[in-house]
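The block underneath contains the structure these notes are about, expressed in structure tokens.
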Amino acid sequence: SCVHPDRPEPLDLHLGMFLPTLLNQATPEQMERFFTPAWNLRIIGTYAQTEMGHGTHLRGLETTATFDPSTQEFVLHSPTISSIKWWPGGLGKTSNHAIVLAQLHTQGRCHGLHAFIVPIRDMDTHVPLPGVVVGDIGPKFGFSEVDNGFLKLEHVRIPLDNMLMKFAKVEPDGTYVKPPSAKLTYGMVFIRSMIVGQSALALAKSCTIAIRYSAVRHQSELRPGEPEPQILNYQTQQHKLFPVLAAAYAFTFVGQYMKDTYRRISGDIHAGDYSQLPELHALSAGLKAFTTWAANAAIEVCRMSCGGHGYSRSSALPDIYVEFTPTCTYEGENTVMMLQTASRYLVKSYRQASVGQRLQGSVSYLSEAAAQRLRPRPVSGGAAPLSTQDLLSLVHLYQRRAASLVELAAKSIQQELQRGRSQEEAWNHSSIDLVRASDAHCHFVVVKLFVDKLEQVDDAAVKAVLSTLALLYALKGLADNSGDFLQAGLLTVPQATRVSARIKELLEELRPDAVALVDAFDLNDRKLNSVLGRYDGNVYEHLYEWARQSPLNATEVHESFHKYLKPLRSRL
Ligand SMILES: CCCCC/C=C\C/C=C\C/C=C\C/C=C\CCCC(=O)SCCNC(=O)CCNC(=O)[C@H](O)C(C)(C)COP(=O)(O)OP(=O)(O)OC[C@H]1O[C@@H](n2cnc3c(N)ncnc32)[C@H](O)[C@@H]1OP(=O)(O)O
Ligand SMILES: Cc1cc2nc3c(=O)[nH]c(=O)nc-3n(C[C@H](O)[C@H](O)[C@H](O)COP(=O)(O)OP(=O)(O)OC[C@H]3O[C@@H](n4cnc5c(N)ncnc54)[C@H](O)[C@@H]3O)c2cc1C
């Protein structure tokens, strides 16, 4: 990471999950024994939860940890081929320890998934320990710097106090002591919260490269006989890139909010107050999925907006994409995360609101919607007047769309039940609606946080341009999801037409500030690592220099001529 601070590297899991899991789940004695050597890289660890057969379904994980009171040890074992730990970063060749998630068996009973610190390589020779079969899982889409690995445990014994026991415990006689809350052992909320900020960074880098390049790239003819214009003057180029720019700002604010919320609530949890954990889980799961899906698509828009040179590694956009895209899968596959937010939070809150409960946090609007349902509908019934200028009214529109889609999902479950389907089937047959409800809820949260942030901006000029970005973000989202708003009776066709016209005006308004707005991310050339996105805009000279350094150009005549072409010629 000293060369490219953002490139994935084998120690990411050690820094990003092994250390934080110790901080969250180790006892003071275990901190003493493990944290210090881990901080000094004597111990190098990873987080081994996913198996070949299960990544999402945690309760289906097969690795076992069976307590043996006669020796005061746990026996860690991979009972089947599908139970082999698979994917953990840094596991293949780098780590000498792993936090292994395994089903805890003691006194003949299974107590579910718990975390165990398992030494896997000799601390001096780095040779795998007895009973440990470990290696790299082979080439991947990207992440080639990381040795994502497999781990097969064959009756490996570890001492009793290698089980992380801050919450749950096993006593010397094998008695299991339950944690204060079963949810505390899940973990993963920390990284999901951090990933929201990673989405913002990926967007900021991508649109900085694409907008700067679009300011120096001249192509085609706008007015006959005039010089070729900057491609940033094409309305279609602005329509591709300025909403990405707006999203980069939006997600930056959401990423800060997510980090602050994580810090606040995990502080409460450390103090023994678990009441906010459901909100933190739902928010981090939903926003992780929402922002990574959006950023994933936007990086590709930025790459393609740079034409051929966008496809060159010199642009950095292919690498940004390859390194970012697994965030949609790891730390909770996005669809599954959206379903968690809907099923474990939004529908539950909807039902509480329907019986008059006052809701707090990001779902408080569901109480308002429930109260609304009880009031007689206005005769007009039609959509409220739409202001394409007033941000607060747009926030309200997103709130009502979310409330409407949560209600639609909850009603779908009700209808399925009335058809005689079981609970599980009713939920499964409503899961498309559940995902839409979560998506709409997260979209509302993002728009609301963007507008809230503007209240904190004092400088009038900065506030004005950020308001334009917030308007573009909100109106583009309205246009992209107009079906939801039309279906919910929140938008009319004439209003939708006005929205499209307003978006075109905003693109024109933003054009003069576009380069300054990406410069404001202050991403230096080393961090961007992009010939197209260079601050000095001197692209062509550096593109030529970059190509000259290609390994293929080390010799004027490549050995392939003599080895293949020439012999081939002689045979034809
Ligand atoms: C410190 C320095 C930092 C420096 C950083 C430096 C570098 C960092 C760089 C990069 C970062 C590092 C690494 C990045 C690269 C790769 C990392 C990838 C690592 C991984 O890829 S690592 C594996 C991730 N793999 C998953 O992510 C599994 C997903 N699968 C699940 O998560 C579950 O399978 C679920 C939830 C789908 C179903 O599980 P289930 O069936 O048991 O639960 P169920 O749905 O029944 O819910 C029962 C009750 O638990 C609550 N609940 C559930 N989950 C909770 C949670 N997390 N927290 C709190 N409450 C939770 C519910 O809300 C409900 O609550 P209630 O009962 O009240 O409704
Ligand atoms: C680059 C990378 C690094 C990783 N690093 C680690 C690591 O360090 N440690 C670790 O433990 N793991 C790691 N993983 C594994 C990762 O956490 C899992 O791949 C992820 O949790 C998804 O689980 P899965 O692979 O089983 O996918 P599956 O869950 O099998 O997903 C396949 C499809 O099934 C769908 N699906 C699954 N369950 C449901 C459901 N209930 N309802 C509806 N649809 C469903 C999904 O939406 C998806 O479309 C890493 C993965 C990658 C790609």
Side-chain angles (χ1 to χ4, degrees), residues 2-7 142 144-145 201-248 295 297-325 507-508 510-558 560-561:
C2 55
V3 181
H4 296 298
D6 296 327
R7 299 302 293 270
S144 47
E145 302 89 341
L201 179 60
L203 280 184
K205 285 162 73 174
S206 304
C207 70
T208 297
I209 294 164
I211 287 175
R212 281 181 178 166
Y213 178 64
S214 298
V216 297
R217 177 73 170 181
H218 293 253
Q219 198 66 205
S220 309
E221 230 182 23
L222 206 55
R223 279 176 283 280
E226 287 197 4
E228 293 182 77
Q230 295 162 296
I231 55 176
L232 199 54
N233 293 343
Y234 291 113
Q235 186 186 59
T236 48
Q237 192 78 356
Q238 295 169 8
H239 192 242
K240 290 172 192 172
L241 296 180
F242 293 173
V244 178
L245 174 61
I299 297 165
E300 271 295 82
V301 168
C302 290
R303 179 184 65 78
M304 287 186 259
S305 76
C306 294
H309 300 326
Y311 192 72
S312 161
R313 297 272 305 268
S314 65
S315 75
L317 288 163
D319 287 34
I320 292 171
Y321 182 80
V322 149
E323 282 149 27
F324 184 82
T325 194
L507 296 179
E508 238 180 312
L510 281 167
R511 172 64 187 85
D513 294 325
V515 174
L517 282 165
V518 296
D519 289 351
F521 290 126
D522 196 21
L523 296 165
N524 63 47
D525 283 353
R526 205 169 69 88
K527 193 168 177 75
L528 272 185
N529 190 30
S530 166
V531 169
L532 304 193
R534 293 176 57 85
Y535 184 73
D536 66 9
N538 190 2
V539 169
Y540 291 159
E541 281 72 14
H542 288 92
L543 190 60
Y544 183 57
E545 188 193 313
W546 187 86
R548 300 277 298 166
Q549 283 156 26
S550 164
L552 276 176
N553 297 327
T555 55
E556 274 311 324
V557 178
H558 195 265
S560 55
F561 174 74

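Just so it is clear, the structure is predicted and the values come from calculations on it, not from any experiment. These numbers come from the heavy atoms of this one structure, side chains and all, not from hydrogens, waters or symmetry mates.
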Q: Flag the pair Val518 / Cys207 as yes when at least one side-chain heavy-atom distance between them is below 4.5 Å, and no otherwise.
A: yes
(Q) Ignoring hydrogens, what is the shortest heavy-atom contact between Glu221 and Glu226? Give both atom names and the distance. (A) CG-O, 4.2 Å
Q. Strictly by modelled atom types, are Gln230 and Arg511 linked by a side-chain donor-acceptor pair under 3.5 Å?
A. yes
(Q) Within this structure, what is the CD1-NZ distance for the pair Ile211 and Lys240, rounded to the nearest 0.5 Å? (A) 13.0 Å
Output side-chain donor-acceptor pairs under 3.5 Å for residues 300-309, partner residues at least two apart or in another chain, one line each.
| unit_1 | atom_1 | unit_2 | atom_2 | d |
| --- | --- | --- | --- | --- |
| Glu300 | OE1 | Arg303 | NE | 2.7 |
| Glu300 | OE2 | Arg303 | NH2 | 3.0 |
| Ser305 | OG | Cys302 | O | 2.7 |

Q. Quick one: CZ on Arg212 to CG on Asp519, what's the gap to the nearest 0.5 Å?
A. 4.5 Å
**Q.** Beyond-backbone contact of Leu510 with Leu517, side-chain heavy atoms, under 4.5 angstrom
**A.** yes
**Q.** Intermediate values then yes/no, side-chain contact (heavy atoms from CB on, under 4.5 Å), Ile209 and Ile320
**A.** CA-CA 11 Å; Ile209 294 164; Ile320 292 171; 3.8 Å; yes
Q | Set of residues satisfying side chain to side chain contact (heavy atoms under 4.5 Å, CB included) with respect to Gln235, sequence neighbours excluded | A | Lys504, Leu507
(Q) Filter on side-chain hydrogen bond (donor to acceptor under 3.5 Å, both in side chains), then keep only pairs touching residues 541-555, sequence neighbours left out; what's left? (A) Arg534-His542
Q) Hey, does the side chain of Ser214 reach the backbone of Leu232 with a donor-acceptor pair shorter than 3.5 angstrom? A) no
**Q.** Which atom of Pro512 lies closest to which atom of Glu508, heavy atoms considered
**A.** CD-O, 3.5 Å
Q: Take atom CD of Glu228 as the centre, draw a 6.0 Å sphere, and report whether it contains more than 12 heavy atoms from other residues, nucleotides or ligands.
A: yes
Q: Indicate yes or no: at least one non-hydrogen side-chain atom of Phe242 is less than 4.5 angstrom from one of Asp513.
A: no
Q) If we only count heavy atoms from C-beta on, is the Phe324 to Leu201 side-chain gap below 4.5 Å? A) no
Q: Look at the side chain of Asp525 and the backbone N and O of Tyr535, then say whether any donor-acceptor pair between them is shorter than 3.5 Å.
A: yes
Q.
What's the separation between atom CD1 in Ile231 and atom OG in Ser220, rounded to the nearest 0.5 Å?
A. 9.0 Å
Q. Any donor-acceptor pair under 3.5 Å linking the side chain of Ser206 with the backbone of Leu203?
A. no
Q. If you measure from OG1 on Thr208 to CG on Leu528, what distance do you get to the nearest 0.5 Å?
A. 6.0 Å
Q: Evaluate whether atom OH of Tyr540 has more than 12 neighbouring non-hydrogen atoms of other residues, nucleotides or ligands under 6.0 angstrom away.
A: yes
(Q) Working to the nearest 0.5 angstrom, can you tell me the gap between Gln237 CD and Tyr213 OH? (A) 9.5 Å
Q) Taking all atoms of both residues into account, what is the closest heavy-atom pair of Ala202 and Ile299, and its distance? A) CB-CD1, 4.1 Å
Q) Are side-chain heavy atoms of Leu552 and His558 found at a separation under 4.5 Å? A) yes
Q. Nearest heavy-atom pair of Leu241 and Ala210: which atoms, and what distance?
A. CD2-CB, 3.7 Å
Q. How far apart are the closest heavy atoms of Val322 and Gly142, and which atoms are they?
A. CG1-CA, 3.3 Å
